[in-house]
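See structure below.
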Amino acid sequence: MASASAEQLAHPMDNIPVRNLRFDTETLRGESALWSHSKPDFSMFINALGIHVPYFERFLVAVFREVRADIGDADLMGDVKGIIGQEAHHAFNFVGWNEVMSARYPRVSELEADAAQHFANMSTKRSRFFQVGYVAGYETFTFLAGAIILDRYEELMGDADPVMRALWVWHQVEEVEHGAVAFDVYKYFYAEREWARKFFVLLAFAHITKETLRAYLHMGRVEGFWHQSVRGFKAADFFVRFAADLARSALPVLKRDYHPRNHPICNENQNKAALAWRQRYDAGLTTLAIEQGDLTCALEGKAGGSRQ
Ligand SMILES: [Fe+2]
Ligand SMILES: [Fe+2]
């Protein structure tokens with residue numbers, strides 16, 4: 001441990017910087033939306049998942065802007081400011097990508113409208129307790145998906161469109177960085193309602209899965225996958241396995257003494273792709289397009305391989 005660098009010792013949730021990035025996803029208009037050549041099914045999965053995500057992110061921003069006036073802890077206030085900034089930039093970029101995707105997939109606008117309505121109902125018809133709980137439940141999975149995808153970076157995005165790869169690495173890095181904030185806000189206000197915290201985790205998982213499946217089925221239909229038994233099976237298999245991985249990774253979340261910082265997926269040995277991405281950003285190199293090898297080469301010789 002004595003030879004480990006300071007950044008290897010740091011916890012990925014130690015800092016929540018707001019990075020104002022704008023990705024030029026227009027370059028993919030008219031191209032295939034299956035931007036990962038390593039794993040096309042992953043790009044369809046994450047495209048499907050991402051349709052409703054900006055509407056959740058805007059909901060999170062609205063809820064946290066509302067509750068922050070009642071937070072008396074300066075550290076937590078700082079974290080809330082960080083997550084609001086990060087999520088606002090996420091939402092902007094994802095709405096842009098949805099618009100590009102809608103040229104390929106005719107039901108994207110309808111799926112977006114449903115998502116906007118769902119979170120509008122949450123805003124007007126649910127209590128503050130329910131809103132904070134729902135946000136915490138959702139953020140459980142954005143954090144876990146972030147860590148899972150970064151751990152499988154080479155397999156899922158090793159050969160991919162540089163802009164879309166850059167967008168998703170940026171998003172996943174930041175989801176891990178602010179992965180404890182919604183949990184801490186829930187605990188700050190409702191620490192005694194532990195049973196409800198678990199209920200919201202399950203509720204959010206059900207909603208994320210439902211929304212992603214609807215979009216995935218539509219996209220698979222447009223791509224013609226469901227008429228080809230082998231291709232269709234492969235795509236269905238990817239969905240089921242990824243959803244199962246996500247569900248399995250959430251099991252520690254249901255423990256009474258859980259905290260995101262202590263989740264086994266997020267320990268003191270930081271993900272190498274995330275570290276390399278931060279190094280690029282801090283060095284002033286572009287993070288708006290990530291070329292093949294940009295992240296894997298950066299840390300070669302230091303630790304290599306996936307996180308243990
Ligand atoms: Fe986000
Ligand atoms: Fe988030």
Side-chain angles (χ1 to χ4, degrees), residues 32-57 90 94 97-98 101 105 107-108 111 115 137-161 164-176 179 201-226 228-254 260 263-266 271-274 295 306-307:
S32 170
L34 304 183
W35 50 268
S36 171
H37 313 301
S38 313
K39 203 63 126 177
D41 292 342
F42 166 69
S43 37
M44 192 162 88
F45 180 87
I46 208 76
N47 285 343
L49 176 74
I51 289 177
H52 84 290
V53 162
Y55 300 94
F56 161 69
E57 290 170 331
H90 297 176
F94 284 130
W97 172 234
N98 280 349
M101 274 201 297
Y105 303 117
R107 285 193 61 209
V108 166
L111 293 163
Y138 242 84
E139 281 289 291
T140 300
F141 294 101
T142 48
F143 151 56
L144 291 174
I148 289 171
I149 290 167
L150 290 170
D151 273 352
R152 295 171 63 186
Y153 171 72
E154 267 302 319
E155 174 205 351
L156 300 177
M157 290 187 270
D159 178 10
D161 175 79
M164 289 307 299
R165 172 167 44 206
L167 187 153
W168 275 105
V169 171
W170 163 68
H171 184 259
Q172 307 310 72
V173 166
E174 293 195 348
E175 286 303 322
V176 174
V201 169
L202 299 175
L203 189 66
F205 183 75
H207 190 255
I208 292 167
T209 306
K210 185 181 108 203
E211 290 302 294
T212 307
L213 182 60
R214 283 178 72 202
Y216 197 76
L217 289 172
H218 170 57
M219 291 171 171
R221 199 170 301 123
V222 171
E223 300 295 344
F225 290 170
W226 310 138
Q228 308 168 48
S229 50
V230 174
R231 190 65 193 84
F233 176 80
K234 211 167 149 249
D237 186 58
F238 184 90
F239 186 99
V240 170
R241 283 176 192 272
F242 199 96
D245 277 354
L246 203 51
R248 202 168 24 246
S249 72
L251 291 177
V253 176
L254 301 176
H263 192 291
I265 209 166
C266 175
N271 175 277
K272 302 300 178 292
L295 300 187
S306 60
R307 181 178 53 198

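Bear in mind the structure is a predicted one, so any value in this text is a computation, not a measurement.
No side-chain heavy atom of Arg165 sits under 4.5 Å from any side-chain heavy atom of Leu295. Taking the side chain as every heavy atom from C-beta outward, Ile46 and Ile149 approach each other to under 4.5 Å. Side chains of Arg107 and Val222 form no contact here, defined as non-hydrogen atoms less than 4.5 Å apart. For the pair Leu246 and Thr209, the minimum side-chain heavy-atom distance is 4.5 Å or more.
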Start with the C-alpha gap between Val176 and Asn271, add the side-chain angles, then the distance that decides, and say whether side chain to side chain contact (heavy atoms under 4.5 Å, CB included) holds.
-> CA-CA 10 Å; Val176 174; Asn271 175 277; over 6 Å; no

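Scanning for ring pair (Phe, Tyr, Trp, His ring centres under 6.0 Å) contacts around Phe94 gives Trp168, His171, with sequence neighbours left out. Remark: Tyr216 pairs with no residue by the side-chain hydrogen bond (donor to acceptor under 3.5 Å, both in side chains) rule, at least two apart or across chains. For the side-chain hydrogen bond (donor to acceptor under 3.5 Å, both in side chains) test, residues two or more places apart in sequence or in another chain that qualify with Asn47 are Trp35, Trp97. For Glu155, the salt bridge (charged side-chain N to carboxylate O under 4.0 Å, His left out) partners are Lys39, Arg152, not counting sequence neighbours. Here Ala115 pairs with His52, Tyr55 under the side-chain contact (heavy atoms from CB on, under 4.5 Å) rule; sequence neighbours left out. In this structure, the salt bridge (charged side-chain N to carboxylate O under 4.0 Å, His left out) partners of Asp41, at least two apart in sequence or on a different chain, are Arg231. Evaluation of the side-chain hydrogen bond (donor to acceptor under 3.5 Å, both in side chains) rule for Thr142 yields Glu139, Glu175 as partners, not counting sequence neighbours. Applying the salt bridge (charged side-chain N to carboxylate O under 4.0 Å, His left out) test to Glu57 and every residue at least two apart in sequence or in another chain returns nothing. Not counting sequence neighbours, the partners of Leu213 by the side-chain contact (heavy atoms from CB on, under 4.5 Å) test are Leu217, Phe239. For Asp237, the side-chain hydrogen bond (donor to acceptor under 3.5 Å, both in side chains) test picks out Arg241, with sequence neighbours left out. Phe205 pairs by the ring pair (Phe, Tyr, Trp, His ring centres under 6.0 Å) definition with Phe141, not counting sequence neighbours.
Rounding to the nearest 0.5 Å places CG of Leu144 at 11.0 Å from CD of Gln172.
Between the His90 side chain and the Val53 main chain, no donor and acceptor come within less than 3.5 Å of each other. Formation of a donor-acceptor pair under 3.5 Å by the Ser38 side chain with backbone atoms of Asp159 is found in this model.
Taking the six-membered ring where tryptophan is involved, the planes of Phe45 and Phe238 are perpendicular, since the angle between them exceeds 60° and thus also 30°.
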